[in-house]
Participant: 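Starting off with a structure, shown below.
Per chain, numbering begins at 1; letters A, B, ... match sequence-line order.
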There are 2 protein chains.
Amino acid sequence: MRMRTYGQYCSVARALDVLGDRWTLLIVRELLLRGPSRYTDLRAGLPGIATNLLAERLRELERAGVLARRDAPPPVATALFELTERGQQLRSVLDALGRWGVPLMAEPAEHLQFRSHWLSYPVELFLLDREAQRPPETIELRTGGEPVCVQVAAGEVRVLHHAVERPHAVLSGTPQQVLGLLSGQLELEHARAEGLVYEGEERLLARVLGHRAPVSAGPRREGEPAAGDAVQVQ
Amino acid sequence: MRMRTYGQYCSVARALDVLGDRWTLLIVRELLLRGPSRYTDLRAGLPGIATNLLAERLRELERAGVLARRDAPPPVATALFELTERGQQLRSVLDALGRWGVPLMAEPAEHLQFRSHWLSYPVELFLLDREAQRPPETIELRTGGEPVCVQVAAGEVRVLHHAVERPHAVLSGTPQQVLGLLSGQLELEHARAEGLVYEGEERLLARVLGHRAPVSAGPRREGEPAAGDAVQVQ
DNA sequence: CAGCATCCGCTTTGATACTG
DNA sequence: CAGTATCAAAGCGGATGCTG
């Protein structure tokens, strides 16, 4: 049970010594998106992982100070896994990876697993509230599994992992259609022709669809290419 | 030779399908730090990699559009590997990983390999030119292997992977001492007591040592802890 | 020498079955 | 629910050999 290391005195290599094993960063993704979670909920959000691997990774991440095991309050009394402060700081890593991966989402997705809470990534990265003075509004996203809800309020966009009473709009379609629309790669007219259904005021969609940042690039740096590059999908 | 995938329709998972194999992100690190490189130079910057793995990873990254193979101009006429635009966009991922890994650099480093060009990460992440109106100046860093040179000019800090004629100052010590000083975790007085040698005006050091950002955290986000947290080193 | 390919023993992963 | 245990298959690390 020795820990495998690259053996390099470099901060990237040291970070990968902790995070580079298979499944590890996806476990962090789950904890970032869902907050403190039970073992079984983690498994549900990580289709394909072997249970022994999940257990081992959780042990390693606990040892590394990335997450902590906590006993849930009395009524449930089951163990919860949650990120430590150090673990929360991995958000910037996951954000960067998630941005870089968006162009890959244009590939065919038929044989891929999907969980609707994964939509939090594109949504919170690409949507913004362009009319902060308006009252709060919500859009329900239906992509096949559990619905999630985009909450727009006071300049902030958040994703709730459950339905709300009376959403102001409902967006239904395949994950690819919903993601294409929300990331700005697909126009509403075009998406509708493909079968996506949007029920609600178009104004509300315009409120959040800011075309805030180019989909294919990370944070801007001098010397890097401008927006609008061809999206390469291998 | 099938490609292994997580099988998840999530942009983080898709990114890791391309980047998640062992050594892959370190190869990208080398290409980001050194620019177009020969196979042999990549090997030298990746101590510990098996040569067949390097060849295989290069092939995979080429297929994924992250890097390209190019023939060097006539005099040398050897193959060069260089990042594509898509590959350059991984800088934000590597930056985030490198920042997150900095606290891990406080661990004992005796048995770790070191290459001085790896210092580019901490240096370009943590130093800044606080006196942009002053003429350009250079600091040579000597950590045992090849020296590298910090160039401060017109508000920018760059690292050159070779010596320069007459540096304005020279900083010599173990990688840990030099990194500790430059990242703001170690004060000059204290570092000197440990054996670090700085020859040059202290003013020049103050020009770049901005304590620009807290070492242990990534880009600030609301709800995240403030600077100055205890640095946890497992 | 640069740039790989092949072979082999070991480790990690994946799938499934089982347990308190 | 929250994991262990078991075992086959794939991946990795190290050594060595081949080719222009």
Side-chain angles (χ1 to χ4, degrees), chain A residues 1-8 13 16-27 30-31 34 36-63 67-82 111 113, chain B residues 1-8 13 16-27 30-31 34 36-63 67-82 111 113:
Chain A
M1 240 235 196
R2 284 197 45 71
M3 128 101 157
R4 184 167 62 164
T5 168
Y6 285 109
Q8 300 184 357
L16 289 172
D17 282 343
V18 176
L19 308 169
D21 281 337
R22 201 159 158 76
W23 292 105
T24 300
L25 281 172
L26 293 185
I27 292 171
E30 285 301 303
L31 290 170
R34 315 183 34 145
S37 310
R38 296 180 306 171
Y39 187 89
T40 309
D41 296 330
L42 287 175
R43 268 193 73 173
L46 294 164
I49 197 174
T51 176
N52 58 340
L53 270 193
L54 176 55
E56 189 180 329
R57 293 290 181 269
L58 289 172
R59 243 175 322 207
E60 292 166 353
L61 287 172
E62 190 179 5
R63 270 208 337 148
L67 59 79
R69 208 172 287 249
R70 177 167 58 99
D71 289 327
V76 267
T78 180
L80 287 182
F81 298 89
E82 64 184 339
H111 304 122
Q113 297 280 341
Chain B
M1 237 238 193
R2 283 197 45 73
M3 128 97 157
R4 186 167 59 161
T5 169
Y6 286 108
Q8 299 184 357
L16 289 173
D17 282 342
V18 175
L19 307 169
D21 281 338
R22 201 162 157 74
W23 292 106
T24 300
L25 281 172
L26 293 184
I27 293 172
E30 285 302 303
L31 291 171
R34 316 182 35 143
S37 310
R38 295 182 307 170
Y39 186 90
T40 311
D41 297 330
L42 287 175
R43 269 195 71 173
L46 294 165
I49 196 172
T51 175
N52 58 339
L53 270 193
L54 177 54
E56 190 180 328
R57 294 289 181 269
L58 289 172
R59 240 175 293 137
E60 292 166 351
L61 287 173
E62 191 179 3
R63 269 212 332 152
L67 59 79
R69 207 172 288 250
R70 176 168 57 99
D71 289 327
V76 267
T78 179
L80 288 181
F81 298 89
E82 64 183 339
H111 304 123
Q113 298 278 342

Participant: How long is the line joining CG of B/L46 and C1' of D/dC12, in whole Å?
Facilitator: 15 Å
Participant: Quickly work out the B/I27 CD1 to C/dC4 C1' distance and round it to whole Å.
Facilitator: 14 Å
Participant: Just so I know, are the side chains of B/Q8 and A/L26 near enough to count as touching, which here means a heavy-atom distance under 4.5 Å?
Facilitator: yes
Participant: Hey, does the Lys NZ or Arg CZ of B/R22 hover above the aromatic six-ring of A/Y6, less than 6.0 Å from the centre and inside 45° of the axis?
Facilitator: yes
Participant: Is the closest side-chain heavy-atom distance between B/L31 and B/L42 below 4.5 Å?
Facilitator: yes
Participant: Rounded to whole angstrom units, what separation is found between the CG atom of B/D41 and the P atom of C/dC4?
Facilitator: 13 Å
Participant: Can you confirm whether the side chains of B/T78 and B/Y39 place a donor and an acceptor under 3.5 Å from each other?
Facilitator: no
Participant: Between P on D/dG13 and CD on A/Q8, what's the gap in Å once rounded to a whole number?
Facilitator: 11 Å
Participant: Hey, could you give me the CG/CZ distance between A/L54 and A/R43, rounded to the nearest 0.5 Å?
Facilitator: 7.5 Å
Participant: Starting from C1' on D/dG11, measure out to CG on B/L54 and report it in whole angstrom.
Facilitator: 16 Å
Participant: Which pairs, protein N/O on one side and nucleotides 18-20 of chain C N/O on the other, fall under 3.5 Å?
Facilitator:
none

Participant: Would you indicate whether the side-chain heavy atoms of A/R63 and A/E60 approach each other to under 4.5 Å?
Facilitator: no
Participant: Report the distance from atom CG of B/L58 to atom C1' of C/dG3, rounded to the nearest whole Å.
Facilitator: 10 Å
Participant: For a 4.5 angstrom cut-off between non-hydrogen side-chain atoms, does B/I27 reach B/F81?
Facilitator: no
Participant: When you check every protein heavy atom under 4.0 Å of nucleotides 11-17 of chain C, what one-letter string (B, S, -) results, 5' to 3'?
Facilitator: --SBBBB
Participant: Are any non-hydrogen side-chain atoms of B/L80 and B/R38 less than 4.5 angstrom apart?
Facilitator: yes
